[in-house]
Every structure is written in structure tokens, then in C-alpha cells.
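Shown next, in C-alpha cells, is the structure this report addresses.
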Number of protein chains: 2
Amino acid sequence: MKIVEKIVALRKEMKEHGIDAYIVPNSDTHNSEYTAAHWAAREWISGFDGSAGTVLVLANQAFLWTDGRYHIQAAHQLAGTTIELVKAGLPDVPTIEAYLADNLPANAVVGFNGSVVTSAYVDDLKTKFEVKNIKLKTDVDLVDKIWKDRPASPTSVGFEHDVKFAGKSRLQKLQEVRQEMAKVQADNFLLTSLDDIAWLYNLRGTDVPSCPLLFSYTLISKDKATLCVKENKLGKELKKSLLDDGIILADYEDIYSLTKNINPATSVIYSPTMVNYNLANSIPATCRRIKATNITTHLKALKNPTEMANYRNCFVRDGLHRVKFIKWMYDNIGKVKMTEKTASDYLTKCRESDPHFQGLSFTSIPGFKAHGAMMHYRVTPESDVPLEQESFFLLDSGGLYSDGTTDITRTFALGKLTEAEKKDYTLVLKGHIDLSMAVFLHGTRGMQLDILARHPLWKESINYNCGTGHGVGFFLNVHEGPHNISPRLLDEKIIPGMVVTNEPGIYREGVHGVRIENIMFVVDAAQSEFGKFYKFEALTLCPIDTKGIIVEMLTAEEKQWFNDYHKMVYDKLAPHLDSAHQAFLKEITKPI
Amino acid sequence: MKIVEKIVALRKEMKEHGIDAYIVPNSDTHNSEYTAAHWAAREWISGFDGSAGTVLVLANQAFLWTDGRYHIQAAHQLAGTTIELVKAGLPDVPTIEAYLADNLPANAVVGFNGSVVTSAYVDDLKTKFEVKNIKLKTDVDLVDKIWKDRPASPTSVGFEHDVKFAGKSRLQKLQEVRQEMAKVQADNFLLTSLDDIAWLYNLRGTDVPSCPLLFSYTLISKDKATLCVKENKLGKELKKSLLDDGIILADYEDIYSLTKNINPATSVIYSPTMVNYNLANSIPATCRRIKATNITTHLKALKNPTEMANYRNCFVRDGLHRVKFIKWMYDNIGKVKMTEKTASDYLTKCRESDPHFQGLSFTSIPGFKAHGAMMHYRVTPESDVPLEQESFFLLDSGGLYSDGTTDITRTFALGKLTEAEKKDYTLVLKGHIDLSMAVFLHGTRGMQLDILARHPLWKESINYNCGTGHGVGFFLNVHEGPHNISPRLLDEKIIPGMVVTNEPGIYREGVHGVRIENIMFVVDAAQSEFGKFYKFEALTLCPIDTKGIIVEMLTAEEKQWFNDYHKMVYDKLAPHLDSAHQAFLKEITKPI
């Protein structure tokens, strides 16, 4: 089926269902960050395969909204489809929602699959559409009706995440969840975020690209915990273990009837920014709704001592893989053919030798020179370029291991750098170090800390157009809430037990990119008459290239931090290396 | 009437009006920061005269809620009154609202004067009281019924604030207000904040202690602007000038009927955190309510070029008064009898010689040694102590001038300091300088900048339990929104045209206090491919005591800022000083 035919077929369905405007997002029923092929409806109907974008089909027009990262790619992929590109993010370009509110006539009907958008999104739509009495039709998936060869929903078989890694049994975690439910007088907890469910039940799967997750829902009451998952997706052992723990198993789609049958005189806690609209809508109207961030999200963010002990082992091994890669790269560049892709693949190969390796935590970003300036660069056969002995090679990659999830960026000087390159590199390093050295009072949120990494750049009129850091899962998603370090308004404290990345950068379009990223652990610093203070401990163990540093630009304190960090990296990694690698590591971590 | 008798009389009124619990705050009808005597109902009924506190009277009990600053004073003043002290802020101590929600029986009636609490406060109460169906009675002022010798409401006569100071005529300002109203499709703008009204109409009064304000309300539509003020409170000239500009004048209380008669098919913009409940309640139910920060608050915060030109003159004169005071203090300490009060009075006397002086912008805070650790210390005949040649004297004071409002804190070393004293002083100075040197991207909010001032202290496990800076009015309130620099969640950008204070501090209870405060102006710093960047310019011109500085604790950059600042202070003030004062200033501003 050609795109043009798909749009015609969709319009026929719209007419039959009395729908004037139909919205097609690329999201799944769990608001997952990455989408399995089954749920890639926008990609199927438009041919546009970027990571962000939504299609809107009207009776006589069709549009794709996507942001600045994808304007060129989208224009190319939409050619000849009759779908017009809307350049989201440019001045005076409305959102889809504002466009509809402004342009639809009164009493129009807007349709979409209410199972793949969040409850909060629809609540917002309703407010915007109220004035014109625009109605919503959310109970039909029109794309499904015309998508004949739609890929099956993911079929991975779930497996147990051993408590020797997880540190707490699912029964302990359920008990903690129920304690939190009691604090806010919640009788039921409706949970649909796949990483929260995986954490709670100590289970994993491979349903979502780069994320070790299993499609499932769960409903928890004071005395019952029901896990809704297709029967053939539970391995025999995991099934037995869940049943032994008293977990009730139900079919994946049973969550709707379970939710409908919640005692209408009780209360339900759920996250409107995670639970899909149709499911939230099936909660009995008389139930008291407690809308809040998932209880599990806060519990999961505080890594327990067993997780941390494992995580530290994981960081040693991940660091060793990195050191092997770096030595190989510098030994061979200019001697063997080396490209962004072959270099990145070599690092993956180092990781694959690891007994705990379970895959990459995200598609690696290996950007040479100008490619490094694209924050989300993906190497393809078309984009791949040879690495030359000049400028920067930015490599951002991470692994999923049974004992942790890693995410690390280093920017390598492949040849002699210019002063301008060195200045950018040193500014990013200063930002990275200044945030690493933070000491902060209990109650401090990530948006208060963000400026520590950004200020050295701001003083030179430079900014990076993204956050500074994100939470990281434990053998779970590489991006994990509830906290982050970013200028974005978010009322979440940074407290001991959390892990968070520290990744300032400078991105000069068409020129180069510099980013330096560690994962940090939040720990106690001091207690005084003025309160409790916290600090960061770098978990990532990997040398930071010294060739780009203008040492005079660092303060004495910054230089000290850097040398201390390199000493720690050497001390923790060297015992596991052969003498050639030891000598190499010694050399690249020597004091500046 | 004794307190006990007042409580008995109030209970009688409560019974007659069917009220189970009566709340008595100390606030006026405009949510002003400082309260004129007429409105000090809580103070009258309880005898407690602190700046914060609320009384709750029940059939058999009466309570005063007040925070930690006043627990000792309140306990003393409440002795023998039958009113019990509730120590707000301590763990497990509920708020009044939570206490009532928990302790009142279902269907109880809570009363208060709905004209002296904000609309937002009552909305919140209603939510809390919903479960138990607790009802509100807001249309009676029971205290008024028993307060026989109640002071009259303020009677100051308003006067024009000349456009040569204000920079914009009231008609220009009205036009700007109406442009903003149009942007949000507001047909009417109900404005009750006294400083906003004073700014809008270029009028001033002396109705509120320390604030040059006139009790009034205003209602603005697309073609009318009505100012509600008691007729005898407008001077003849101001009245004529207002009428000449087409402003409609009405009686103060007419605002209620004007509001009731707003066209019910139109929209009204107002600030629920400023407009009192009874007035907001008189807006016709069918009007579309646009709840937002007052339009005038945002316009007023951006000082215009005329205001700034005046303000710079004002800062020169205020600086000269300060220098004269400092010389006098150091010349005379140990020679003449000098106390906190006489020193503070001397500075006021210096200011009083100023042709533009209109009063103090707040009650001065002259704290010697341990008194300096009390952020809101007030000197009384009982508290006053002689200044000795040791430790610190913290003096925070400001003036109201026709061409500006000032607010400045310096901490003076009165004798040889200990290393611990010097360390505190230098940490505060570092915080002050680091914020002063900030460069920040457009969009940055005060809560992102706050850590720059606090971080040097946090690194030593020290914190100050208040914000770092507040906006300042132009011959208006010393505390002015919408912005501030504080860890508190507030989504207000810091943008060019704003002024804001920078006042980190260290407060060691029972020992000493250190605070260094300048007023800063937000100006453009640079524009690049990454965006627009802003910085601060210090407006305050006053030497910072060098005797407490441990120079080695400053970075090279901090030292440079300090010496540059002192050079600017000298260059701008010296031409206006006699040779003795010039020499003195030269000495105390010489490079460190």
C-alpha cells in the first residue's frame, strides 16, 4: 500500500465513524520512550521514521508535525505523499492541539486511539476544545482497520531478575508500595509503566528496543496484586515464581475489566502522565482519583545497597571494556580502516564478551567532527565516515547488564587540536567538574544544580539545548525518573540513593561536538546546625581525554578533582588489566 | 477591654451568627505586606504584635498560630489571655486549615472576614473542607462589631508621582495594560494591589507603613478606567490631573458594585492571590475568569529608561549618606556613646537631609553581634545595646526617595575579628560576588541562579534559611514581584530591566550575623548562535568592609570583581564628597 492509498483508506474510515480529524501518534499503550514496530502507526501511515512526530489527517489535508531535528529528513520522506510538513518549534507554528482548536468548526469530532495517548494529554485536549464544543472519539483504532500486515505485538518471553542483583524480593517491594499507598489513603494502585512493573516484580523481557521490558499492566490493592501479561510471554520458571509469591496472573487485556470492577467506593492512585486515556477512563467514576507520580518511580530511584554493590562491579567491567576500546582505537587509527561504525562496533564487541551483558542501553552515538554536533546522531551505511587524525570523535554509548545499566560519553582528540577546539573541550570539562563537585542542601532540586554545569559555558555565550543529566535504571531504562538535572521546572529533590548523569556539551553545527558524561551517585556530605548536605560520587570509571585540556583555564580546585578522578579510575581498573593495558592506562591518567 | 473580655465578646457574636470557629488574621483588604493599625485585628484581639500570626477562636478554646521567629515573644504576650500558642513550623504541628479540617465536626461553620483574605486562600479552604461539608461564613467582620475604639482606616492624602521620575504617563501605562489585556482576551482587569495601582496611575500616599501607597481599587475595561478611593484622600491637584486624563473617580467601597455590574458575558482578569475573596466573589458567575499574576506587576518590574536614570542618581546620593555614616561610626566608636539605635538613627538623619527623601523603605535592622543573627531584628529600648569594638555590626536599611527605593546591607567589623568570623564573612562575600558575576541565558529563573550565591556556603555545610534576593520597587515597596532569587518554585524569568537584591548571609544563633546586600540591575551581556545572555550590574554604591576578608579564599576572578566594584564606588561617589570624606573613601576602597 502506498502512503497516498493509506491516507485515502483512513479518510474512508474517518467518514464512516463521523470523524473530522484523526491524530496518529507513534506511541504504545504504556507511554514507553521507545516504540516497538507494532505500535509505529505514524511511521506506517506516513513513511516518516524519525523518533518524534505525529500525523494529523483531515478530510482534505494531512500533516506531519515534527521538530527541528527532523525537518530535512521529514521533507525528504514525505515527498509525494500529500502529507504536508509542519515545522514544530519554529516561531508562530502552532501545536497540533492549538491548530485544531483554532481551525476546526464548532462541534467537530476529533478521533484517535485513546489507548496510546496519556490521560493527562486528553484532559488537556478537552480543556482546549471546550469553547468550541469539539468532541473526542477515542475508542477506535482506525489505523488498525487498514493496516493489513501490521507486525504482531512484541512476543518476548519474560525472565526473572535474580534477587542477588535486585537486592529486594518482589514481596518486599510490594510491601513498600503498600506502605506508601497507606500514607496517601490509596486503596488501589494502577500501574502501567513497563519499567516500574519490571522493577516491582523483578522481571525483565525484550519487548521494547534497548529496554529490558515486558508488555504488562498491574493493579495492586491492599491484599491483591494482579499482573496482566499474555500467558505465552511468561517463562515457566518465572510463572511458577510469581504464583509462589501469590501474584495473581491475568491476560494482558484483562486490565480493562479489572479496572472497571474496582470497588466504586474506594480510591485509586495512578499517574495521569503515564496511564493511557482509555484505561484511566475505565476507573469507576465514583472512585476517588489520586493523581501522582507512580509510587514505584520514587522507590525505584533509590538504589538499594545490593544494587549499588552490583552496580560498582558493573562500572569496573564497563570501564575495562572502554579502556580496551580506547587503546585499540589509538593503536590503530591511521593504520587500519576505521569508521564511526567500525569503532562503535568494536566497543560493542568488547562489551559482548561480558558474561552479564544483555544488549546496548541505547543505539550508540559515534560522531566524528560535524556528526558530533548532532546530539542524537545515528550512524547508518550512508552517514558513516572514516575517522581521520584530526578534530574530535564523540562516542556516547551504554550497556545493559544484569548488574546495571551504563551510559557514558567521552570525546577523543584524534589529532592535533586547534585552540578553539581546546577551548570548547575545556569549557565542557569545567562544567562537568563543577557539577561533580556540587555540595547541596537537602531539598535541592535538579533545576537548581543545572547552572553549575552550564555556567562556565554561559560565561562564554555558549549553551547546550538539552538537560544536563537524567536518572538511570538498574538493568532497566537508561532514562529513568522521577528526577533529572535540567532547567525544566520539576519539583523533584536530588537525594542520596539516586543516580544521575552529568553530561554538559558544546554542539557547533557543521563543525564539532564535545560532550563528557559520567554517571554519579548521590551520597551524604555532612550534617550541621544548618541541615543535611549531599554530594556526588562519580560511578563511571573511564579516563577523560587530556589532549583537549587548556590546563590554565581550570581552577586549582577543578584540577584537583580531575587528578583525583583519574587516580581513582586507575586504581580501580588497573588490577584487572594486563601489563600493556596497565601501562597505557597509567599514561593517559597521569596528573595534569 | 482585656484580651479575655474580647474573646468572650467575640464568642457571643459567633454564637449569634451561628459560627463554630472564627479566624482572625492581621491583613488588610489588599493583601498588603505591612498592615495599617485599622486592620491589625489579630493584634487587637490577642495582644500579640509580631509580624506574622493568626488567631483561631472556638467555642471553648482559642489559639494563636505563629512561626519560630515569634515563639518566645508570643508565649510572653499571650500569658493570661486564655489564648494558647501553636508553634507553627515545628514537626507534626498542623496548619490552621488542616487543624480545622481534622477537628471540626461535619457541617460546622467557619467564619472570617472574607474581605481580608485572598480568593486563592478561600478556594483552598473550600477544597480542604469539602469532605466534611464544613461551611464558610465570610460576610461578617465580627471583630469590628466588638472593637469600639478601632483606629480609623488610613487617611493619607494621595499625591502625584511626577512623570519626570516615573518616565511614563498614566495614559501610556493604561495603553500598555490594555495591550496586554487584548493579548489574553480580557475585557476587564480588576486590580487591588496598592503598589500596582500606585504605579499605574503615578500616584502615591502614606497609608501603609514603609510603603508610599494609597488605599484604592481600580477596574479597567477597554474604554474605561475607574479609580475607587475615598474622596477626601485625593489632593486637589491629583484629582484634577486624574480627571483631565479621563480617569473615572468613584468611592472606595464602590468597587463592589462596579464589580457586580461587570457585563456577565465578558471576561475578567485578576490575581486570585491578591484580590480579596469577597470582591472576587462579586464578579458575576457567568464572567470568564482569567486568573493570572497582575499585568501591571510584570510591566512595573521592567524599569523604564527614565526610572533608571533617576534611580542611578538616587543610588549615588544613598551611597553618599552611607559613606558619611560609616566615617562617623568609625571616627566615633569607642569615643562617644553609640548603640544600635543611635547608629541607625544617625544614618536615617543623613538620609533625611536628602531633598528627595520620603521615609525609610522598611524598619532598619541594626544588629550588633548576636542580634545580627536575627534576620528581622528590630531595635527597641529594651533590646538596644551599645556597640563595642569587637565582632560584627550588621546594618540593613533603605530609603524611599522620589527617584527610587533603596535597600542595602553592610556588615562592619567593629574590632579585631577571629579567624572563624573572617571565614564566615569571606564565604558570604564569595556568595555575593559569585551571583554578581552571573551570566545567564534568556529564560533563566531566579531559582536557577540562587545556588551561585549559596554554593560557597554549602561547601562548608552552611545555609541561610531565606531567599537570596527580591525585586525592588521604584519609589514603591522594597519587596516587589513577580520575580525573586530563591530556591522556592517560581516560574518567573529574570530579564533585562528588572532590579533584584543579592543578599546571602550567615546567621549563627546567639553569636553573630553576616549579610552583604546590593541591588542589581539586569542587563544584556551578549548574543550568540546559542541565544541571548544577560548579566547583573551593581546599582548600590557603597564600600564593602575589607577587614573581614581572607583574601586567599577568593579566586582571582572574585578578587578582580571586588576591586572593580570598589573602584566604581569611589569613582562615582568621590566627586560629591569633601576632601576628608574622599580620603576616607579612597582608603576603604583601596584594592585588596
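Just so it is clear, the structure is predicted and the values come from calculations on it, not from any experiment. Every chain is numbered from 1, with letters handed out A, B, ... down the list of sequences.
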Partner chain B: residue of A:L449, A:L457, A:I462, A:I451 with the largest heavy-atom pair count (under 4.5 Å): A:I462
For chain B, which residues of residues 523-530 of chain A have heavy atoms nearer than 4.5 angstrom: A:A526, A:S528, A:E529, A:F530
Within 6.0 Å of NZ in B:K459, more than 12 heavy atoms from elsewhere: yes
A:L90, CG: over 12 other non-hydrogen atoms inside 6.0 angstrom: yes
B:N103 CG: over 12 foreign heavy atoms closer than 6.0 Å: yes
Straight-line distance of B:L489 CG to A:M447 CE, nearest 0.5 Å: 4.5 Å
A:K132 NZ: over 12 foreign heavy atoms closer than 6.0 Å: yes
Interatomic spacing from CG in A:D434 to NE2 in B:H455 - rounded to 0.5 Å: 8.5 Å
Toward chain B, the part of A:E460 with a non-hydrogen atom under 4.5 Å: neither
A:N465 CG: over 12 foreign heavy atoms closer than 6.0 Å: no
Under 4.5 Å from any heavy atom of chain A - which part of B:Y507: backbone
B:L452 versus chain A, the contacting section by heavy-atom distance below 4.5 Å: side chain
Contact origin within B:S461 toward chain A - heavy atom pairs under 4.5 Å: both
A:K128, NZ: over 12 other non-hydrogen atoms inside 6.0 angstrom: yes
Contact residues of residues 436-446 of chain A (partner chain B; heavy-atom separation under 4.5 angstrom): A:M437, A:A438, A:V439, A:F440, A:L441, A:T444, A:R445
